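Here's the structure we're looking at; comments come further down.
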Amino acid sequence: MLLRMSTLLLKTLREELADAEVPSHRLLVRAGFIRRAAPGGYTMLPLGKLVLDRITAVIQEEMLSAGGQEVSFPALLPREPYETSNRWTEYGDLLLTLKDRRGADHLLAPTHEEMFTLLVQDMTGSYRDYPILLFQFQTKFRDEARPRGGLLRGREFLMKDAYSFDLSEAGSIAAYGRMRAAYQRVFTRIGLEHTIVSATSGAMGGSASEEFLAAAEVGEDTFVGCTVCDHAANTEAVTTPVPAPVLATAPPLEVHDTPDTPTIAALVELANNRRLGGRDDWTAADTLKNVVVTVDHPGRDPELLAIGVPGDREVDMKRLEAALSPATATLFDDFAASPDLVKGYIGPQGIKIRYLADPRVAPGTSWLTGANEPGRHATNVVAGRDFTPDGTIEAAEVRAGDPCAACGEGTLTMRRGIEIGHIFQLGRRYTDAFKVDVLGSDGKPVRPTMGSYGIGVSRAVAAVAEQHHDDRGLVWPAAIAPVDVHIVAAGKDGQVEAALELGATLSRSGLRVLVDDRPNVSAGVKFTDAELIGIPKAVVVGRRLGEGLVEIRDRKTQERTEVPMVDVAGVIRADAG
RNA sequence: CGGGUUGUGGCGCAGCUUGGUCAGCGCGCUCGCUUUGGGAGCGAGAUGUCGCGGGUUCGAAUCCCGCCAACCCGACCA
């Protein structure tokens, strides 16, 4: 393959786009890989399409060698299957729906669990047909409230989704393991430094769930690692170690007048000033903060729910929603309408609504909390004695330095990442919904269990750009660079002709080649563009052409070496992906 | 969904306060000549429904109303 810059649909921008913030977005636009075409929708220009296709090829290769079979479903689907699985409502506003000319409801699919399940139901009937692993590349649609970051979060994006169907739990776990390994190979091959973290499965439903996060400052996911063990988790999935049971030796509950203390800070200050309970060492962590939220279950009436967390912590709404999924939660503030709930002075004792507590609010722990009367708080409020939560919930914010639940020794560190892959065991959620049964070897019906495995392909382009750039531009990993070598004709005197000739030679030897043969463009411009575009190797055909020498530049290391023209293919090939 | 900021040639911006040679600048683009190893020089050009709709006015990029879009922030605590 040989591309000539003089004819390539490419326009690099000298100046920054005004509204591009994140590095990948800025650079991909400036270097001429993508262009915005719609809110949350991007056109892949020739260079961008080449990268996308190379990533696609890597994924396809690994999926096939993991035993996958490729199919392709429509993106435009009727409502019924999603009605059956309940996702028409559960997916909420994120689902991009439309009506056809007859008024019938359709959707532009956000993922394709339903269609894969129906296909397998349609085409299998016997245990002999299993196990099955299917995958596709497909444009997915989500009606994002706020697309951002260019390719990082769009309303339309390319995704590889795969689904495994097994008749045994062991088979399903094995499929999960194979896909997990395949994903590691994919991300390693395309040059993404990634961490596998425990996750929640969200609106897709399911149990065991892990995310592949590419570390990047602009990532929307926060994940934790452990200083001692190799535990890693999305903050949404972090579990809080339950403190050792405390003997219930606390003195009886006592109510105090605590005027003007609607906030934890004011309460702690007053408690110390007045030596509440004979102490002057109260801290926010001794208090129990009770937050009321309105929970919206899809297709059901909203419910009021109180959440109890130690007073030194905020409620993390993302963690809360993950814990309540598929329901969504909003902070409740209509206290005028609920006289039972005294804003700023809520306590769990005798509360009339459902009450879920942080795991730290373990039986036997004693708290300073609201007395459910204006201007009054209670001390020695003991969990399990003075109140019993309706359950525990992981909704409190996670902080660096929190103890690790996995090993019990280390503490948590926090980083940000881009979700580039998500794998989870779906179980029978969809095979149940569609009543998929096949005949087992014993003649009895068996219901397949599923796994679901997704990779954001277009997002991966941006993730790679986030991880591989410098102040001059992009620095593509060799395995997915749009081409292997960028030949720059630096000057005059037949250098363009020589560059094209060299390009043709390299191309015949199987390399992907881009030749900057633009006439009347100065060498400086060509060098700057080459660095912006970020091809791993550049070959400069320039002033020593007469001696048969050209310069090879490594984009990443900036290293320059002069080599005889005849050796170029060998040197490039040694490093090409 | 809320808040903030912004919409003026392909890109980046000025002009708006105080309505009337305000349709302007830089980059890019076209043509010619020169130049050619680090975003070249000179000369000559082309490109605008000033986001959209309505209103005020003799006259609107500029003032008023409505809408749309983009970007950023927040999805905020007892």
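Atoms considered below: every heavy atom in the structure, side chains included; atoms not considered: hydrogens, waters and symmetry mates. Only a predicted model underlies this, so the values are computations on that prediction, with no experimental measurement involved.
Phosphate proximity of B:C71 to A:Arg148: absent, as no side-chain N or O sits under 4.0 Å from OP1 or OP2. Under 4.0 angstrom from either OP1 or OP2 of B:A40 there lies at least one side-chain N or O belonging to A:Ser522.
Taking atom CD of residue A:Glu21 and atom P of nucleotide B:G12, one finds them 13 Å apart after rounding to whole Å. Rounding to whole angstrom units, CD of residue A:Glu220 and C1' of B:C73 are separated by 13 Å. Distance, A:Leu532 CG to B:C11 P: 17 Å, rounded to whole Å. With rounding to whole Å, A:Arg543 atom CZ is found 12 Å from B:U36 atom C1'. The nearest whole Å value for the distance from the CZ atom in A:Arg14 to the C1' atom in B:G10 is 15 Å. Taking atom NE2 of residue A:His25 and atom P of nucleotide B:C71, one finds them 8 Å apart after rounding to whole Å.
With no hydrogens or angles considered, no side-chain donor-acceptor pair links A:Asp105 and A:Thr97 at under 3.5 Å.
Rounded to a whole angstrom, the distance from the P atom of B:U21 to that of B:G54 is 24 Å.
Across the interface with RNA chain B, nearest-nucleotide mapping of A:Gly149 and A:Arg560 shows A:Arg560 to be the residue nearer the 5′ end.
Of the listed nucleotides (B:G39, B:G10, B:A70), B:A70 has the atom at the smallest distance from the side chain of A:Arg36.
Because its NZ or CZ atom is not both nearer than 6.0 Å to the ring centre of A:Phe527 and within 45° of the ring axis, A:Arg472 does not count as a cation-pi partner of that residue.
When each of A:Asp390, A:Asn290, A:Thr388 is tested with A:Tyr355 by the rule side-chain hydrogen bond (donor to acceptor under 3.5 Å, both in side chains), just one qualifies, namely A:Asn290.
The closest donor-acceptor contact from the side chain of A:Glu466 to the backbone of A:Ser24 lies under 3.5 Å.
Using a 4.0 Å heavy-atom cutoff across all strands shown, A:Val521 reaches at least one base atom of the nucleic acid.
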